[in-house]
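Report on the following structure.
So that the names make sense, note that chain A is the first sequence line, chain B the second, and so on, each numbered from 1.
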Amino acid sequence: MPARPLFPSAGSWPSGPEEAREEQVRLAPLVRAEPLDAERVGLVAGLDVTYAPGEDRLVAAAVVLDAGTLEVVESATAVARPAFPYVPGLFAFREVPPLVEAVGKLRSAPDVFVCDGFGLAHPRRFGLACHLGVLLDRPALGVGKSPFVGTAEPPGERRGSWAPLVDGGEVVGRALRTRDGVKPVYVSVGHRTDLDGATELVLRLAPHYRLPEPIRRADRLSRDVLAGL
DNA sequence: GCGACAG
DNA sequence: ATCTTGTCGC
């Protein structure tokens, strides 16, 4: 029996930004950093959400890939209304509910969840990847397309080079080059992962494109489903 | 106080 | 996030 209601349906969803920030501060200590052996990861789930222009409707997608072949194993989606407005730093309250719903429809148990956004690279060290990882108590990491908090030197131009992302004197993630000469992505720990493992895994998942394949697949699936509504 | 601010 | 075609470059 859970000590605290974990899901929105359980009635603990914040009514506004203030409560949401308090919730993040409460949950942040639950994040655990653990070594992630990228070589041993078998199944990876990519998560993403697409919003309908103008309408208050969205589609969340979870796509499970074989980390070795990058073949899609299965996928699931959820259609919903945003449960929270977009506020920088409170992003997870918008996307976590539908993402958790989509993940709940999966038959497999992915070894790692790859989120479109940040983990510890967050003002309160509790970004989307932390939030989702803690709720599911599964390994999770975040991949962002633009920096949110902190600063990083530009990594070397070659794929694989990276530079620490530092915020408030803390290393909260890495700016990682996944393609030669292309703008880096920003990797951070979500839950039960570490930066070395996350970096290695992201590189493994992004052999050809800037973004890891699981996220690209989830992005495409959520788009396609939304277009078909 | 002002600007910046994941998706 | 989304509104938006072609175009330049590897």
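- Judged as a side-chain hydrogen bond (donor to acceptor under 3.5 Å, both in side chains), and not counting sequence neighbours, the contacts of A:D167 are A:R125.
- The side-chain hydrogen bond (donor to acceptor under 3.5 Å, both in side chains) check on A:D48 picks up nothing, with sequence neighbours excluded.
- Listed by chain and residue number, A:R57 satisfy the side-chain hydrogen bond (donor to acceptor under 3.5 Å, both in side chains) test with A:E55 (two or more places apart in sequence, or in another chain).
- If you check residues 146-168 of chain A against DNA chain B, the residues with a heavy atom closer than 4.0 Å are A:S146, A:P147, A:F148, listed by number.
- Heavy atoms of other residues, nucleotides or ligands lying less than 6.0 angstrom from NZ of A:K183 number 12 at most.
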Please, what dot-bracket string fits DNA chain B when only Watson-Crick and G-U pairs with both distances under 3.5 Å count, crossing ones use [ ] and pairs to another strand use |? .......
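- The outermost nucleotides of DNA chain B lying under 4.0 Å from heavy atoms of chain A, listed 5' to 3', are B:dC5 to B:dG7.
- The side-chain hydrogen bond (donor to acceptor under 3.5 Å, both in side chains) check on A:S15 picks up A:E19, with sequence neighbours excluded.
- Residue contacts for A:L128: at a heavy-atom cut-off of 4.0 Å it reaches a base atom on one of the strands shown.
- Within the structure, every pair that satisfies the salt bridge (Lys or Arg N to Asp or Glu O under 4.0 Å) test and touches residues 196-211 of chain A, not counting sequence neighbours, is listed here: A:R174-A:D196.
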Filtered N/O pairs between nucleotides 8-10 of chain C and protein, under 3.5 Å:
none

What pairs of donor and acceptor atoms, side-chain ones from residues 72-81 of chain A against any protein atom, are under 3.5 angstrom apart with sequence neighbours left out?
residue, atom, partner, partner atom, Å
A:E74, OE1, A:R107, N, 3.1
A:E74, OE2, A:R107, N, 2.9
A:E74, OE2, A:S108, N, 2.6
A:E74, OE2, A:S108, OG, 2.5
A:R81, NH1, A:D56, O, 3.3
A:R81, NH1, A:D56, OD1, 2.9

Name every donor-acceptor pair, under 3.5 Å, that has one atom in a side chain of residues 133-140 of chain A and the other anywhere in the protein, sequence neighbours excluded.
residue, atom, partner, partner atom, Å
A:D137, OD1, A:H191, NE2, 3.1
A:D137, OD1, A:R192, NH1, 3.4
A:R138, NH2, A:P110, O, 2.6

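- For the atom pair CG (A:L195) and CG (A:L120), the distance works out to 8.0 Å, reported to the nearest 0.5 Å.
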Quick one: which protein N/O atoms are closer than 3.5 Å to N/O atoms of nucleotides 1-4 of chain C? Pair and distance per line, please.
residue, atom, partner, partner atom, Å
C:dT2, OP1, A:R223, NH1, 3.3

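- Put simply, the side chain of A:R177 gets close to the backbone of A:P155: a donor and an acceptor are under 3.5 Å apart.
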